[in-house]
Amino acid sequence: MEQPLNLAATLESGQVFRWNRKGEKWYGMISNHLVSLESNGNGLEFETTLKPAQDMEGLISKYFRLDDNLPMIQSSLDWDPRLAQAMNTQRGLRLIRQDPWECLISFICSSNSNISRISGVMNRIAREFGNQVMLGSCVGFQFPNPTQMASVGEAGYRALRLGYRAAYVDKTSKILAETGRDLEELKSLPYLEAKAWLMALPGVGAKVADCVLLFSLDQLQAFPIDVWVRRAIEEWYISGEHRSYVKLSEWAVEYFGPFAGYAQQYLFHHRRTGDFSGGVNT
DNA sequence: CCACGGCCTGATTC
DNA sequence: AGAATCAGGCCGT
């Protein structure tokens, strides 16, 4: 593998919420197969429930977007000093191409919450309603599909401590189960059309939609703006000025270009880890 | 079009 | 200790 990949930075960057680290190995689900991953020099070792195991190589490559030419993408962004610094301190941090359904539920659950709590919620949903799979002595759970999730009901999700998001998850599951819409189809739509479709779902606003588009639907211009990214942009780029979400996302694509989503991920991580000098770290 | 308050939960701060 | 505050927002007014 020639493409840079930092497992820890990538899997802990708040794009995905169900990977577990045990020693040097990371355990998680890719395309409903349990996988363990371990960095090995510039390569990656893995074990998987998938047979034949070598088929997992392509799935891993797809999952970590190794088909994106990261050096090329970075060189299209490093004219910006902040971004150059962010990319330098976050080497090998990549966007992930994850399952859109699980991604959608993750980010519906992310509202007014935090990473550790989102992880708890997502693990409980999978453990309660997903199929169990084993890799050696390790247990994993597939994320339940829309039909499985549609039968749970709001009270069931409340019991898993989703709070007010329970109703959103319940309704969105039922819509997806009843319409049978395959979220993968949104990959072929123009960004704004795909976004509008997602935003029609309960619990999905502009920010959640952008996360789903960027982390699972190949819309690399999507620029999710959370409090961290907003702080970074307002402080570093537009001198404290406040702008609406739509104005900021338009600004982002104009400023950073078609890979604005990568810019967002580096800025987010950079800002959130406080790994910069001279700025206010709250 | 924009601003505002309420909302579940849980960790941390005051 | 118990009350605020904040956390990767959304929705209705």
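Model, not experiment: these values are computed from the prediction. A note on names: the letters A, B, ... follow the listed sequences, proteins ahead of strands, and every chain is numbered from 1.
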Next item on the list: Could you tell me whether the side chain of A/R117 has a donor or acceptor atom within less than 3.5 Å of a complementary atom in the base of B/dT9?
Entry: yes
Margin query: Within residues 237-263 of chain A, which residues have any heavy atom lying less than 4.0 Å from an atom of DNA chain C?
Written below: none
Notebook entry, point to check: Sequence neighbours excluded, which residues qualify as side-chain contact (heavy atoms from CB on, under 4.5 Å) partners of A/T179?
Noted result: A/I175, A/R181
Check: With Watson-Crick and G-U wobble geometry limited to distances under 3.5 Å, how should the secondary structure of DNA chain B be encoded in dot-bracket form, using | for bases paired to another strand and [ ] for crossing pairs?
Finding: ..|||||.||||||
Next item on the list: For A/R94 and A/Q3, test the side chains for any donor-to-acceptor distance below 3.5 angstrom and give the result as yes or no.
Entry: yes
Margin query: I want to check something: taking the side chain as every heavy atom from C-beta on, are A/S39 and A/L44 in contact at a cut-off of under 4.5 Å?
Written below: yes
Notebook entry, point to check: With a 3.5 Å cut-off and no angle check, do the side chains of A/Y245 and A/D210 form a donor-acceptor pair?
Noted result: yes
Note to self: Heavy atoms only, 4.0 Å cut-off, all strands: where does A/R165 land among base, sugar-phosphate and nothing?
What the structure shows: base
Note to self: Under a 3.5 Å threshold, yes or no: a donor from one side chain and an acceptor from the other, between A/Y266 and A/Q74?
What the structure shows: yes
Next item on the list: Scan for side-chain hydrogen bond (donor to acceptor under 3.5 Å, both in side chains) pairs involving residues 101-110 of chain A, sequence neighbours excluded, and state none if there are none.
Entry: A/R18-A/E102
Notebook entry, point to check: Is the A/F46-A/W26 ring centre distance short of 6.0 angstrom?
Noted result: no
Note to self: Below the 4.0 Å mark, does B/dG10 have OP1 or OP2 next to a side-chain nitrogen or oxygen of A/R161?
What the structure shows: yes
Check: Does atom NZ of A/K187 have more than 12 heavy-atom neighbours, drawn from other residues, nucleotides or ligands, at distances under 6.0 Å?
Finding: yes
Polar atom pairs (N or O), protein with nucleotides 2-6 of chain C, under 3.5 Å:
none

Notebook entry, point to check: So do A/L248 and A/F223 actually touch side chain to side chain, heavy atoms under 4.5 Å?
Noted result: no
Item checked: P gap between B/dA3 and C/dG8, integer Å -> 23 Å
Check: When the C1' atoms of C/dC6 and B/dG5 are considered, how many whole Å apart are they?
Finding: 16 Å
Check: Quick one: do the A/Y164 and A/S111 side chains pair a donor with an acceptor below 3.5 Å?
Finding: yes
Next item on the list: Could you state the atom-to-atom distance from CZ of A/R158 to P of B/dG10 in whole Å?
Entry: 12 Å
Item checked: More than 12 heavy atoms from other groups under 6.0 Å of CD on A/E24 -> no
Notebook entry, point to check: For A/F107 and A/F215, what are the C-alpha separation, side-chain angles and deciding distance, and is it a ring-ring contact (aromatic ring centres under 6.0 Å, His included)?
Noted result: CA-CA 10 Å; A/F107 285 95; A/F215 302 143; 5.5 Å; yes
Margin query: Between C/dC10 and B/dC2, how far apart are the two C1' atoms, rounded to whole Å?
Written below: 16 Å
Check: Quick check: are there more than 12 heavy atoms from other residues, nucleotides or ligands sitting under 6.0 Å from CD of A/E254?
Finding: no
Next item on the list: Sugar-phosphate atoms are those with a prime plus P, OP1 and OP2; base atoms are the rest. Using that split, label each nucleotide of nucleotides 8-13 of chain C B, S or - for protein heavy atoms under 4.0 Å, 5' to 3'.
Entry: BBSS--
Check: If we take the P atom in both C/dT13 and B/dC8, what is their distance in whole Å?
Finding: 16 Å
